[in-house]
Amino acid sequence: MPPKSTKKTEARGLFITFEGGEGAGKSTQIKLLQKALEKDGFKVVVTREPGGSTGGEAVRHVLLSGAAEPFGPEMEAILFAAARSDHVETLIKPALADGSIVLCDRFYDSTRVYQGASGNVSRELLSKLEEVACEDCWPDLTLILDIDPKEGMRRAVARRNKGEPADRFEKEALALQTIRRNAYLDIAEAEPERCKIVDGNRGEKAVHRSIVKLVENLLQERKLSRAVREKSR
Ligand code: T5A
């Protein structure tokens, strides 16, 4: 893990995280939003968790292979936080300082949901890990793609049938996916300023239109120079 700088980072860009259960459509929507923002002249950095940085990607392999599973959800939460710390320090903060819009596929809400709500890791430990991993780098907007867990699993299975193997978390039961969906909805209720729920059950274009509106609102709120134009209409 790199040493933490003591200086507060002046974030000039925007930090947007995407959350949701398996197959919710996060990667698909990130690509569409990236395209729309870049067409409007914004600098965009797309990244993901676990991973996104050299250290983060090394830990991703350990986590998604299931190698850490026998050590329990607390150990996994600590590993996700270690990966996040490296990711924040080496990729997200520099990109924000450079004025970029950072689109991140999963962030600490995933740990709250997967290791917290469905793994029973305590809120106290998770809060401490968030403080250590994120320091002063918190998302400006979190888009929660809400999807019926059955539909999410159907999409994940369809993708797997095209040859991609299931990872450690995709193998888990539908009941767990339902617990996680409810946990995401609870987070959105507790933090309505930061978190916006987007109905992910609809087609890609309809979901994209909703996301563009939310991002456009945020850009206007922050008085960023250029409005995002909705390109998919
Ligand atoms: N994790 C992660 C933790 O437990 N704790 C943590 O702190 C963190 C950060 C990461 C795993 O790690 C866990 C959670 C995860 O289980 P991953 O491989 O990065 O795993 O995968 P996920 O983030 O889960 O992402 P997925 O790849 O499962 O789903 P996406 O990105 O939400 O969905 P996407 O866009 O790839 O779409 C899935 C399929 O559906 C289709 C796509 O074409 C694709 O085939 N699709 C649609 N179909 C119909 N209608 C739409 N609107 C569609 N949108 C996409």
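Read the numbers this way: they start at 1 and go in the same order the structure lists the ligands and their atoms.
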Hey, does Thr111 come in under 3.5 Å of ligand 1, counting only N/O atoms on both sides?
yes

So, the side chain of Gln115 versus the backbone of Asn120: is there a donor-acceptor pair under 3.5 Å, distance only?
no

On a heavy-atom basis, I'd like to know which of Met153, Glu76, Gln29, Gln115 is closest to atom 4 (O) of ligand 1.
Gln115

Is there a heavy atom of Gly20 sitting under 4.0 angstrom from any atom of ligand 1?
no

Are any of the N or O atoms of Gly25 closer than 3.5 Å to those of ligand 1?
yes

Side chain or backbone, does Ser27 bring an N or O within less than 3.5 Å of an N or O on ligand 1?
yes

Counting only heavy atoms, tell me which of Glu22, Arg112, Arg60 gets closest to atom 17 (P) of ligand 1.
Arg60

Out of all atoms in ligand 1, which are within 4.0 Å of some heavy atom of Arg84? Include the element for each.
7 (O), 9 (C)

Candidate with minimal heavy-atom separation from atom 11 (C) of ligand 1, of Ile30, Leu64, Leu63
Leu64

Verdict with reasoning, Glu130 to Trp138, per side-chain contact (heavy atoms from CB on, under 4.5 Å):
CA-CA 9 Å; Glu130 283 171 16; Trp138 308 102; 4.2 Å; yes

Looking at Glu204, His208, Arg155, the heavy atom closest to atom 43 (O) of ligand 1 belongs to Glu204

Side-chain touch Glu135/Val88, heavy atoms, less than 4.5 angstrom
no

Does Lys93 pair with Glu89 as a salt bridge, N-O distance under 4.0 Å?
yes

For ligand 1, which atoms, with element, lie under 4.0 Å from some heavy atom of Ala24?
32 (O)

Under 4.0 Å, counting heavy atoms only: does Gly23 come that close to any atom of ligand 1?
yes

Test side-chain contact (heavy atoms from CB on, under 4.5 Å) on Leu219 and Ile101 and set out the steps.
CA-CA 10 Å; Leu219 289 168; Ile101 299 181; 4.2 Å; yes

Check the pair Phe107 / Cys134 against side-chain contact (heavy atoms from CB on, under 4.5 Å), numbers first and verdict last.
CA-CA 10 Å; Phe107 200 56; Cys134 305; 3.8 Å; yes

N/O separation below 3.5 Å, Lys26 to ligand 1
yes

Return yes if some donor-acceptor pair links the side-chain N/O of Asn201 with the main-chain N/O of Asp148 below 3.5 Å, else return no.
yes

Please check this pair: side chain of Glu204 against backbone of Gln29, looking for a donor-acceptor N/O pair closer than 3.5 Å.
no

Look at atom 24 (O) of ligand 1 and find which of Lys31, Glu19, Arg106 reaches it with the closest heavy atom.
Arg106

Minimum heavy-atom distance Gly56-Asp86, with the two atoms named
N-OD2, 3.4 Å

Find all atoms of ligand 1 within a distance of less than 4.0 Å from any non-hydrogen atom belonging to Glu49, and give their numbers and elements.
9 (C)

Could an N or O of ligand 1 be found under 3.5 Å from any N or O of Phe80, whether backbone or side chain?
no

Centre-to-centre under 6.0 Å for Tyr114 and Phe80, is that the case here?
no

